[in-house]
4 protein chains.
Amino acid sequence: MSLGKLMGVPADDSPARRGRRKEARPGELLDAALDLFVEKGFAATRSEEVAARAGVSKGTLFLYFPTKEELFKAVVRENISGRFAEWNEEFETFEGSTPDMVRYCMRVWWERIGATRASGITKLIISEARNFPDIAAFYHQEVIAPGTKLVQRILERGMARGEFGAIDIEYTVFSIVAPMVYLTMMKHSVGACVPQDFEVDPERYVNTQVDNLLHGLCVRAGEKQA
Amino acid sequence: MSLGKLMGVPADDSPARRGRRKEARPGELLDAALDLFVEKGFAATRSEEVAARAGVSKGTLFLYFPTKEELFKAVVRENISGRFAEWNEEFETFEGSTPDMVRYCMRVWWERIGATRASGITKLIISEARNFPDIAAFYHQEVIAPGTKLVQRILERGMARGEFGAIDIEYTVFSIVAPMVYLTMMKHSVGACVPQDFEVDPERYVNTQVDNLLHGLCVRAGEKQA
Amino acid sequence: MSLGKLMGVPADDSPARRGRRKEARPGELLDAALDLFVEKGFAATRSEEVAARAGVSKGTLFLYFPTKEELFKAVVRENISGRFAEWNEEFETFEGSTPDMVRYCMRVWWERIGATRASGITKLIISEARNFPDIAAFYHQEVIAPGTKLVQRILERGMARGEFGAIDIEYTVFSIVAPMVYLTMMKHSVGACVPQDFEVDPERYVNTQVDNLLHGLCVRAGEKQA
Amino acid sequence: MSLGKLMGVPADDSPARRGRRKEARPGELLDAALDLFVEKGFAATRSEEVAARAGVSKGTLFLYFPTKEELFKAVVRENISGRFAEWNEEFETFEGSTPDMVRYCMRVWWERIGATRASGITKLIISEARNFPDIAAFYHQEVIAPGTKLVQRILERGMARGEFGAIDIEYTVFSIVAPMVYLTMMKHSVGACVPQDFEVDPERYVNTQVDNLLHGLCVRAGEKQA
DNA sequence: AATGAATGAGGGTTCATTCAT
DNA sequence: GATGAATGAACCCTCATTCAT
C-alpha cells in the first residue's frame, strides 16, 4: 500500500542529459513547468527557470511552446488525461459494499493522483482560475463535472442498496471531494512551508475522513460508548 | 455568541466609509488590495490597479506601504487579528450540546467569514504561501494553530460529554475544516468563473456537511431505512 | 533664398533639458524617431535609442506610444500634415506663367519639405511600405494622390493657356515628381554616406531640372547653338 | 546592343534552374535573399525565411555565407558585376543620333534592368545605405560613378554633335537617372502595396519621360500649338 | 554536404518605485 | 500629503549562429 511519501517532491532525475532528444523535451518541460507553476504561480514563474529546471536554455522552451501562456495550458491539458472512462469501468465492476467502495475510491485517488505530481494541478487551477477562465471552464468540463458524476453514482448505489440513509446526494458529493482537495492544498501550499505540524500521514488521513463520513461523529443509539 | 467569528476576521466592512478622510486611506487600499490579490494573485496584481480601485493615485499607495510586498503582508495581517482568546472564551460559555456547537460554529463561520470579503484571505494564503513562507508561518501561527486547537477542544468536549464516539480527534479536525475551506475555494476560484454549476446554497451546504459529519452516511443499526 | 543646407542634419537642440515637460515629450520623441527611422529603418532602430536621442529613458517612450509600431505610425502621421489645402490655394492665386509656376513649385517644395527633416518621410515610406501596407495606403491617400492631382492641375493650366504643348499629362506628373523624390533619396540615403561626390547644390539642381523639363535638351529649330 | 544593361545587372534568371545541384545553391540563396531584402529590408528579413525560399534548411545558408551581413553583401555584389567597360565600348560604336541613343538607353534599361528582379537592388541600396556605408561606397564606385560618367559621355556626344543645346551636363545626368530610379521605387515600394493607382505602363512611362526631356513641355517658338 | 535542435545575446515591453512639483 | 511623469531592472520572446548528427 504505497500511500506514503506524502508531501515529498520527486527529485529531478537528470542522469545523462546531453543528447538531442526531441521527443523527450516537451515532457521534461511540462514536468518542470508543472512544478514551478504549482510552487510559485503562473505570473511569478520565469520562463528561464522552467527551461533551466528542464536542463535546457531559455530559447529551447519557445521551440516547443510558443508562449508562456500556451505552456501553461499545455501543462493543464497534459495533467488531465481523462481517466474517467477507466474509473467508470472500475465502478461498474466493483463487487464490494458501497462503504468499501468509498474507502477504495479515496485511497485510490490518493495513490493515483494525490501522491503524484499531478495533484499540483488542483492547486494550480484554484490559484489561476480567474486569470484563465477558459482553462477553468476546461477543467470543470474535463475533471469536475465527470468527477462529480462518478461520486454521485457511488452515492446513488449506496442508497439503492440500502447501505446509505436518506442523504442529500448532490451536496454530499462535497463531503467526499472536500477532504481530498484539502489534503492536496496542504501538500502543495502551507504544508510545504510549515512542515513540522503538517506531517500528515495520508493513510490515517483517508481512513479518518472515510470513517467519519460513513459513520458520523455522534454515538449511535444503542451503541456502547467508549 | 462571537464563536461565529471563528477562523477568520470580517473585514471592517463599510461602517462609516465614504468620508475620504485621511485616516480611511490605508483601509481602503487594503480592501482594494485584498480583492485584487484574491482575484489575480500577488504577482499579477498591479500596484496602480490597487491604487485606482481605492480611488487614489499610484504615488499615494507608496506613501502608506513602502513596497508591494509590505502591502501584501499588511493585507494578510489586517485580516487576521488574533481573536482566538475571545473565541476561546466564548467556547467556554457555550451551553448547548456539542453537535449543536459544531453546527452553530459552521453556520456562523459562513455568515461572518465565508460570506464576507475576508474569506478571500484563505485562497490568497493557499495561492501564495510558497512565495511568502514567512507569511505562511505567520498565518499558521495566528490562524491555523489556534483554529485547530479550538476545534480540537470542541471535539474533546463532545467526547467528554459522551456525545461523540471514539474518534481520531487530531485528524477529525480536518473533517470540520475541509468543507469550509472547500466552500471558500469554490467561491473565490473556479466557482467565480463557471457559475452555472456552482450556484451553491450555503445554508444547504453547511447543513449537509454537518449532518453527514455528525451522523454519517451509513444507515444505523435499528434505524428505519427511507 | 534659403535653398541651401542640403544634406545636413540639424543638431539636437537640448539646451536646458530636465524639467517635466509633458506636452513637449511626444514631439521630441517623434523628432528623434523620425531621424532614426529614416537613418536606419524601422526594424534596425532600437526603442532605447529613440528614447536616448529624445533625452529620456526607455520606459518614458512607452508612456507616450504603446508600441514601437504605433510610434512609427505616429511619426508618419505627424509628418503628413495635409498642406494641400494651403498649396491648392496658392495655386489658385498664382498669377505668373505656368512655367514660372512649375519652377516656383519645385523651389518651394525644396524649401518647405526637401530641406527639412520632414523629407525623410519619403525615404521612410519607400523603405517600409511593404512592411506597413496600411501606412503605405494612408500615405498614398494623404500625399501621393493629392500631390498628383495638384501637379496635374498645373499641367492642365499650362496646356489651357497655350504655354505647354500637347503632353501626356498623366505621365508627365512623374517628370516633376521624380526629380524631387530623387533629390530626397540622395539626401537621406547614399548621399549621406558617400558625401564627396554628392555635394549637390539644391538651387542649381532645381533650376537644371526645371530648365530641362520646360525646354528640353534638344536644340530647337531656328535657335542658335551655344 | 548591350548598352541596355546599363546601370544594373540582370540576375541570371532561370536558365537551367531546377537542377538542385550543388553549384546552384548559392545562386538560389542569393535570389531568395534579394527578393526578401528588397521586400522587407535587411533587418526584417529572417535568415530562415531566405533558406526556406531557396528550398534549403537554415543551416545550409550558413554553409555558404558565414553571416547574414555577408549574405547581404554578396547579394549586392552579385547583382553589380562591373560591366561598364563593355558598355562604354558599346557606347563608342553606337551609330544613331544622340536623342535616339537616350531613348534606346532608357527603353533597354527598363527591359534588362527595371523589369527584372535585379531592379530591386536599387531600392535595397537606398533603404540600407546608411546601415552599410561600405556597401554604399562600393555601390557608388561600381554603379553610380561609372553610370554617371557614361551618361555624361552621352550628353557630351549630344552637345558635340550639335543635337543638344547648352545644358548643365553635370546636373542633367539626374534628369535621365531620376525617372528610372523613380519607376523602380514605384515598382518595389508603395506601388507594390497600393496597386490600383500604380498600374504604370512602362513603355508609355519611358516614352513620356524621354519626350519631355528631349523636347520640353513648353511650346516652341514657330511651332503650331495643338 | 545538409540538417535542425539548441543556444543566448539582444530588444520590446511592463511595472514597482522614485521624486519634483 | 498627493500626484503622476520618469526611471530602469526585469522579463518574455526572437532569431542569428553553432554544432552534433
Side-chain angles (χ1 to χ4, degrees), chain A residues 17-25 43-52 54-71, chain B residues 20-22 25 42-52 55-71, chain C residues 17-25 43-52 54-71, chain D residues 20-23 25 42-52 55-72:
Chain A
R17 244 4 116 66
R18 213 73 313 242
R20 306 305 155 98
R21 298 181 306 176
K22 177 108 188 284
E23 297 80 59
R25 281 285 141 70
T45 297
R46 288 182 301 124
S47 306
E48 192 162 14
E49 222 176 337
V50 174
V56 299
S57 77
K58 195 173 22 169
T60 302
L61 171 61
F62 292 95
L63 237 44
Y64 296 95
F65 304 96
T67 65
K68 191 184 166 190
E69 195 162 327
E70 283 306 315
L71 172 64
Chain B
R20 187 88 349 183
R21 36 168 211 261
K22 297 166 189 260
R25 284 285 149 72
F42 174 79
T45 296
R46 290 184 305 123
S47 303
E48 190 163 17
E49 218 177 340
V50 174
V56 300
S57 78
K58 204 173 11 170
T60 302
L61 172 61
F62 288 91
L63 228 50
Y64 292 99
F65 305 95
T67 67
K68 190 183 171 191
E69 196 162 326
E70 283 307 317
L71 171 64
Chain C
R17 232 28 100 64
R18 211 75 313 243
R20 305 305 155 96
R21 300 181 305 176
K22 177 109 188 282
E23 298 82 58
R25 281 286 141 72
T45 297
R46 289 183 299 124
S47 307
E48 191 162 16
E49 224 176 335
V50 174
V56 300
S57 76
K58 197 170 24 166
T60 302
L61 172 59
F62 292 94
L63 236 45
Y64 295 96
F65 303 96
T67 66
K68 190 184 168 191
E69 196 163 327
E70 284 305 317
L71 171 65
Chain D
R20 188 88 348 181
R21 35 169 211 262
K22 296 168 187 260
E23 308 85 60
R25 283 285 149 70
F42 175 79
T45 297
R46 290 184 306 122
S47 304
E48 190 163 17
E49 218 176 339
V50 174
V56 300
S57 78
K58 204 174 10 171
T60 303
L61 171 61
F62 289 91
L63 227 49
Y64 293 98
F65 305 96
T67 67
K68 189 184 172 190
E69 196 163 326
E70 284 306 316
L71 171 64
F72 178 79

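On a predicted model such as this, the values are computed, not experimentally measured, just so you know.
- Summary of the strand contacts: C/L61 and A/T60 both lie near DNA chain F, and taking for each the nucleotide with the nearest heavy atom, the more 5' one is attributed to C/L61.
- Pairing each heavy atom of B/S47 with each of B/L61, the nearest pair is O-CD2, 3.5 Å.
- Taking CG of D/L71 as the reference point, atom OH of D/Y64 lies at 13.0 Å (rounded to 0.5 Å).
- Shown here are the side chain to side chain contact (heavy atoms under 4.5 Å, CB included) partners of C/S57, two or more places apart in sequence or in another chain: C/T60.
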Worksheet item: When every nucleotide of nucleotides 9-14 of chain E is labelled 5' to 3' by its protein contacts under 4.0 Å (heavy atoms), B for base, S for sugar-phosphate only, - for none, what sequence of letters results?
Response: BBSSBB

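- Within the 3.5 Å criterion, the main-chain N or O of C/R46 finds no donor-acceptor partner in the side chain of C/K68.
- The minimum heavy-atom distance between A/A43 and B/A43, with the atom names listed, is CB-CB, 3.6 Å.
- Listed pair A/Y64 / E/dA5 fails the phosphate criterion, with no side-chain N or O lying under 4.0 Å from OP1 or OP2.
- Counting only Watson-Crick and G-U wobble pairs whose two key distances fall under 3.5 Å, DNA chain E forms stems of three or more stacked pairs at E:2-21 with F:2-21.
- Following rounding to the nearest Å, D/F65 (CZ) and F/dT18 (C1') show an atom-to-atom distance of 18 Å.
- Relative to the side chain of D/S57, the nucleotides E/dT3, F/dA6, E/dA5 differ in distance, and E/dT3 lies closest.
- Comparing A/L63 and B/L63 against DNA chain F, the residue whose closest nucleotide sits nearer the 5' end is B/L63.
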